[in-house]
J.: 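Structure provided below as structure tokens; questions to follow.
Within every chain, numbering begins at 1; the chains are lettered A, B, ... in the order of the sequence lines, protein sequences first and strands thereafter. Every value quoted in this text rests on a predicted model; they were computed, and no experiment measured them.
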Amino acid sequence: MVTIRLHNSISRTKEDFVPLDPANVRMYVCGPTVYDRAHLGNARPVVVFDVLFRLLRHVYGESHVTYARNFTDVDDKINARAAETGRDIRSITDETIGWYHADMDALGALRPTQEPRATEFINAMIAMISALIDKGHAYEVAGHVLFDVRSYPAYGRLSGRSVDDMIAGARVEVAPYKRDPMDFVLWKPSDPSLPGWESPWGRGRPGWHIECSAMAYELLGAAFDIHGGGLDLQFPHHENEIAQSCCAFPDAGFARYWLHNEMVQVEGKKMSKSLGNFFTVRDLLEQGWPGEVIRFVLLSTHYRKPTDWTEERAREAEAMLRQWRALVEGAEPTGPDAELAEALADDLNVAGAMARLHALAKAITANPQKDCFYEKGVFLASARLMGLLEPGMGGWTAAPDLAPLATRLSELRATAMATKDFAPVDALKAALVAAGVEVRMSKAGVELVPAQGFDAGKLEALK
RNA sequence: GGCGGGUUGGCGGAGAGGUUACGCACCGGAUUGCAAAUCCGUGAAGACCGGUUCGAUUCCGGUACCCGCCUCCA
């Protein structure tokens, strides 16, 4: 069996991945707060952990992996959106979840096994908060329930900080009722205009971090294998999750492997809502980029390094995918290449896997005599281990029938061969090239293939 | 201020203490009416300064620059 190795943020080293239970490998990834379209930065962890999900299923079996990713549907940003639009909160979150699914589906991401909504786990959160209070890790004050960071000596272990260090440079506005400036909210009161639930501490709503602890516990148990998310969640979100879960369930251990993906950047700066330098996945899809191209670009940099979106990279990705799709047309997937799987198993070395894919492609094209049916099947299955070349990935312009144009070009060419006047041929050829069609003319005849930048609209004018 | 990460050829981007990463682009050749595509082939790197070593882009230390977190954030 392939040994998966993962860089664990807690140890800051690559470790052999040993699941608690190979028959039920469990992964939790922090999902979106559903108040708006997902931007490209939001898509990176989705795609990265989708590859890990596929790899885990490949190694342990499809029915032996549980992947949970939450929807945060209770949050002040959602409340603000409701207030400014006058819309019902549930209709906002439902609509946003629909968008999220559509956009992430377009990127070829498999739906997680579980997609819990925070609002459906309020009771679990209340139970967990109560337990934390009982165990002396949380306290109620001024209608709030706060986590007492001083009660958990390991606080800061994941992010490599001490409570004292953090206080020194803290930019947080410290609420006067906090015992320690780093204490964070588990429960806060809601006035009648805000969504709220009855609790032992009055009508209120949960703080941000408790939902992931509660849902991970409910769905995956007190101890599970992998917890993932963007690097910006490492502190404070994941640190707080660890504090909550480890204090509520001492000795269970919570998540054993912590994975963090680096950020998507725009001109050297993190893509984020607060900087306003973001664009949505939907924007790119509407510009005509196939979701698979977006996926390819996101995967072409290792997940622990920053990456960015550029038109040049997208064009390169599109050209490569067109080539690969043409190569395996009509092939049926067999099993993925072992070397490629090994590369992915090495902390998701997608670049290494891509290099292997290039080598496999070269081996196929170097043997044009054979149809390489088996090799193509391996190639296809290998690509699909990364979620590429899946059937039905939307976004590729449906290829119209180019045969009539090919015939016309062929006839013009035959005439030109006789008359030595190639102007009409060149004119049609130039028009085809302008429409993104690759024109291949040889002694064998004329072949037209949609290429990078293919534009069916421009083709219409030629008819 | 505290903590963490990065700097590879024209561009993107990996692994490995010594042997071609890979892809794109470029250049040369085959091919073509000209091209395109394809095939073959040649170049091109490791921010800077020290150290360890027979040998470092790879390990260690320092410098410079960049980025992230410490505030909602993937």
J.: Check for a donor-acceptor pair, side chain of A:Tyr35 on one end and backbone N or O of A:Thr96 on the other, with a separation under 3.5 Å.
T.: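 No.
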J.: Nearest whole angstrom, please: distance from the C1' of B:G4 to the CZ of A:Arg304.
T.: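 Whole-Å distance recorded here is 12 Å.
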J.: Which is more 5' along RNA chain B, the nucleotide nearest A:Asp426 or the one nearest A:Thr307? Just name the residue.
T.: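 Comparing both residues, the 5'-ward one is A:Thr307.
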J.: With a 4.0 Å heavy-atom cut-off, tell me which residues in residues 148-161 of chain A come close to RNA chain B, sorted by residue number.
T.: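 By residue number: A:Ser159, A:Gly160, A:Arg161.
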J.: Which nucleotide in the list B:C70, B:G4, B:G33 gets nearest to the side chain of A:Phe235?
T.: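 Closest nucleotide to the A:Phe235 side chain: B:C70.
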J.: Between A:His260 and A:His238, is the gap from one ring center to the other below 6.0 Å?
T.: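 Yes: the rings meet the under 6.0 Å criterion.
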J.: Going 5' to 3' through nucleotides 57-67 of chain B, assign each nucleotide B (protein heavy atom under 4.0 Å from a base atom), S (under 4.0 Å only from sugar-phosphate atoms) or - (no protein heavy atom that close).
T.: ----------S
J.: Looking for any heavy atom pair under 4.0 Å, which part of the strands does A:Met271 touch: base, sugar-phosphate only, or nothing?
T.: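 Base contact.
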J.: I'd like the P distance from B:C27 over to B:C48, given in whole Å.
T.: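 Pairwise P distance, B:C48 against B:C27, rounds to 29 Å.
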J.: Between B:U38 and A:Gln323, is there an OP1 or OP2 to side-chain N/O distance shorter than 4.0 Å?
T.: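 Checking B:U38 against A:Gln323, a side-chain N or O does come within under 4.0 Å of OP1 or OP2.
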J.: Ignoring hydrogens and angles, tell me if any N or O in the side chain of A:Asp346 forms a donor-acceptor pair with the backbone of A:Asn349 under 3.5 Å.
T.: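 No; zero donor-acceptor contacts below 3.5 Å.
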J.: Assign each of A:Asp75 and A:Met320 to its nearest nucleotide of RNA chain B by heavy atoms, then name whichever residue's nucleotide is nearer the 5' end.
T.: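 The residue closer to the strand's 5' end, by nearest nucleotide, is A:Met320.
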J.: Whole Å only: how far is the CD atom of A:Glu312 from the C1' atom of B:G12?
T.: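 Spelled out: CD on A:Glu312 to C1' on B:G12 is 7 Å.
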J.: Roughly how far apart, to the nearest Å, are B:G18 and B:G4 at atom C1'?
T.: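 About 32 Å, rounded to a whole number of Å.
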J.: Please tell me if the side chains of A:His237 and A:Cys212 come closer than 4.5 Å, counting only heavy atoms from C-beta onward.
T.: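 Yes, their side chains come closer than 4.5 Å.
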J.: In whole angstroms, how far is the C1' atom of B:G23 from the CG atom of A:Leu340?
T.: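 Going from A:Leu340 (CG) to B:G23 (C1'), I get 15 Å.
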J.: Please report, rounded to the nearest Å, how far the P atom of B:A35 is from the CG atom of A:Leu428.
T.: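 To the nearest whole Å, that distance equals 19 Å.
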J.: I need the CZ-P distance between A:Arg315 and B:C11, as an integer number of Å.
T.: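 Rounded to whole Å, this separation is 16 Å.
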J.: When you get a sec, tell me which of B:C40, B:C70, B:G33 is the closest nucleotide to the side chain of A:Met441?
T.: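 Of all the options, the side chain of A:Met441 is nearest to B:G33.
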J.: A:Lys420 NZ to B:C34 C1': how many Å, rounded?
T.: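 Rounding to the nearest Å, NZ of A:Lys420 and C1' of B:C34 are 12 Å apart.
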J.: Could you give the distance separating B:U31 and B:G13 at their C1' atoms, to the nearest angstrom?
T.: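 Going atom to atom, C1' in each nucleotide, I get 32 Å.
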J.: Can a donor-acceptor pair under 3.5 Å be found between the side-chain atoms of A:Lys429 and the base atoms of B:C34?
T.: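 Counting by modelled atom types and ignoring angles, a donor-acceptor contact under 3.5 Å is found here.
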J.: Which part of the nucleic acid, if any, lies within contact of A:Val449, taking any heavy atom under 4.0 Å across all strands shown: a base, the sugar-phosphate backbone alone, or nothing?
T.: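 No contact at all - A:Val449 keeps every heavy atom at 4.0 Å or more from the nucleic acid.
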J.: Regarding A:Val264, tell me which of base, sugar-phosphate or nothing describes its non-hydrogen contacts under 4.0 Å with the strands shown.
T.: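 Counting heavy atoms under 4.0 Å across all strands, the contact made by A:Val264 includes a base.
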J.: For A:Gln234, which contact category applies under a 4.0 Å heavy-atom criterion: base, sugar-phosphate, or nothing?
T.: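 Here A:Gln234 touches no strand at all.
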J.: Going 5' to 3' through nucleotides 14-21 of chain B, assign each nucleotide B (protein heavy atom under 4.0 Å from a base atom), S (under 4.0 Å only from sugar-phosphate atoms) or - (no protein heavy atom that close).
T.: SS-----B
J.: Are the charged groups of A:Glu115 and A:Arg69 less than 4.0 angstrom apart, N to O?
T.: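 So A:Glu115 pairs with A:Arg69 through a salt bridge.
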J.: For the residue pair A:Asp283 / A:Thr280, report whether a side-chain donor-acceptor contact shorter than 3.5 Å exists.
T.: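 Per modelled atom types, A:Thr280 and A:Asp283 side chains form a pair under 3.5 Å.
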J.: For B:G29 and B:A36, measure between their P atoms and round to the nearest Å.
T.: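 Straight-line distance between the two P atoms is 13 Å.
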J.: What nucleotide among B:A37, B:C72, B:C24 has an atom nearest to a side-chain atom of A:Arg440?
T.: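 So the side chain of A:Arg440 is nearest to B:A37.
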J.: Need one value for A:Met263: base, sugar-phosphate or nothing, where a base atom within 4.0 Å counts as base even if backbone is also close, heavy atoms only.
T.: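 The answer is base, as A:Met263 lies within the cut-off (heavy atoms under 4.0 Å) of a base atom.
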J.: Between A:Phe278 (CZ) and B:A74 (P), how many Å, whole number?
T.: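 Result: 11 Å.
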J.: Can you check the distance between B:G28 and B:C65, where both ends of the measurement are the P atom (answer in whole Å)?
T.: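 Result for the P pair: 42 Å, nearest Å.
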J.: What stem regions, each of at least 3 consecutive Watson-Crick or G-U pairs below 3.5 Å, can be found for RNA chain B?
T.: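 So far as stems of 3 or more pairs are concerned, RNA chain B shows B:1-7 with B:64-70, B:10-12 with B:22-24, B:27-30 with B:38-41, B:47-51 with B:59-63.
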J.: Indicate the atoms forming the closest heavy-atom contact of A:Thr72 with A:Asn70, along with that distance.
T.: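 Taking A:Thr72 first and A:Asn70 second, the nearest heavy atoms are OG1-ND2, 3.1 Å.
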J.: Measure from NZ or CZ of A:Arg44 to the centre of the six-membered ring of A:Tyr303 and say whether it is under 6.0 Å with the direction within 45° of the ring axis.
T.: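 Ring-cation test returns no.
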J.: With a 3.5 Å distance limit and no angle check, can you tell me whether A:Asp50 reaches the backbone of A:Leu110 through a side-chain donor-acceptor pair?
T.: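 Checking the backbone N and O of A:Leu110 against the side chain of A:Asp50, a donor-acceptor pair under 3.5 Å is found.
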J.: So, A:Arg313 versus A:Ser300: side-chain donor-acceptor pair below 3.5 Å or not?
T.: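 There is such a pair between these side chains.
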J.: Where the side chain of A:Leu231 is concerned, which of B:A37, B:G68, B:G23 is the nearest nucleotide?
T.: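 For A:Leu231, the side-chain atoms sit closest to B:G68.
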J.: Using the C1' atoms only, state how far B:G2 lies from B:U71, rounded to an integer number of Å.
T.: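 16 Å, rounded to whole Å.
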J.: Can you check whether A:Phe235's main-chain N or O pairs, donor with acceptor, with A:Ser159's side chain at less than 3.5 Å?
T.: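 No, A:Ser159 side chain to A:Phe235 backbone: no donor-acceptor pair under 3.5 Å.
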J.: Using the P atom on both, measure B:C11 against B:U52 and round to a whole Å.
T.: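 B:C11 and B:U52 have their P atoms separated by 34 Å.
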J.: In residues 440-447 of chain A, what donor-acceptor pairs under 3.5 Å come from side-chain atoms, sequence neighbours left out?
T.:
residue: A:Arg440; atom: NE; partner: A:Glu438; partner atom: OE2; Å: 2.6
residue: A:Arg440; atom: NH2; partner: A:Glu438; partner atom: OE2; Å: 2.6
residue: A:Ser442; atom: OG; partner: A:Ala444; partner atom: N; Å: 3.2

J.: Please determine, for the side chain of A:Lys362, which listed nucleotide (B:A74, B:C22, B:C40) has the closest atom?
T.: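 For the A:Lys362 side chain, the nearest candidate turns out to be B:C40.
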J.: Scan for salt bridge (charged side-chain N to carboxylate O under 4.0 Å, His left out) pairs involving residues 272-282 of chain A, sequence neighbours excluded, and state none if there are none.
T.: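 Qualifying pairs, neighbours excluded: A:Asp36-A:Lys273, A:Asp103-A:Arg282.
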J.: Without hydrogens or angle criteria, can the side chains of A:Glu239 and A:His209 be said to hold a donor-acceptor pair below 3.5 Å?
T.: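 No, no side-chain donor-acceptor contact under 3.5 Å.
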J.: Between B:G15 and B:C60, how many Å separate the two P atoms, rounded to a whole number?
T.: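 Here B:G15 and B:C60 have their P atoms 16 Å from each other.
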J.: In this structure, how many angstroms lie between the C1' atom of B:A37 and the CG atom of A:Leu432, rounded?
T.: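 The answer, rounded to whole Å, is 15 Å.
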J.: Thinking salt bridges, do A:Asp73 and A:Arg117 make one under a 4.0 Å N-O criterion?
T.: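 A salt bridge links A:Asp73 with A:Arg117.
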J.: Is A:Asp164 salt-bridged to A:Arg150, cutoff N-O under 4.0 Å?
T.: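 Counted as a salt bridge, because a side-chain N and a carboxylate O are separated by less than 4.0 Å.
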J.: Taking only Lys NZ, Arg NE, NH1 and NH2, and the carboxylate oxygens of Asp or Glu, determine whether A:Arg90 and A:Asp94 approach each other closer than 4.0 Å.
T.: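 Result for this pair is yes, salt bridge flagged.
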J.: Nearest to the side chain of A:Thr33, which nucleotide is it out of B:A37, B:A74, B:G33?
T.: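 Ranking B:A37, B:A74, B:G33 by closest atom to the A:Thr33 side chain puts B:A74 first.
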J.: Looking at the side chain of A:Glu316, which of B:C70, B:C24, B:U32 is the nearest nucleotide?
T.: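 Nearest nucleotide to the side chain: B:C24.
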J.: Classify A:Phe422 by what it touches in the nucleic acid, base, sugar-phosphate, or nothing, heavy-atom distance under 4.0 Å.
T.: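 Result for A:Phe422 = base.
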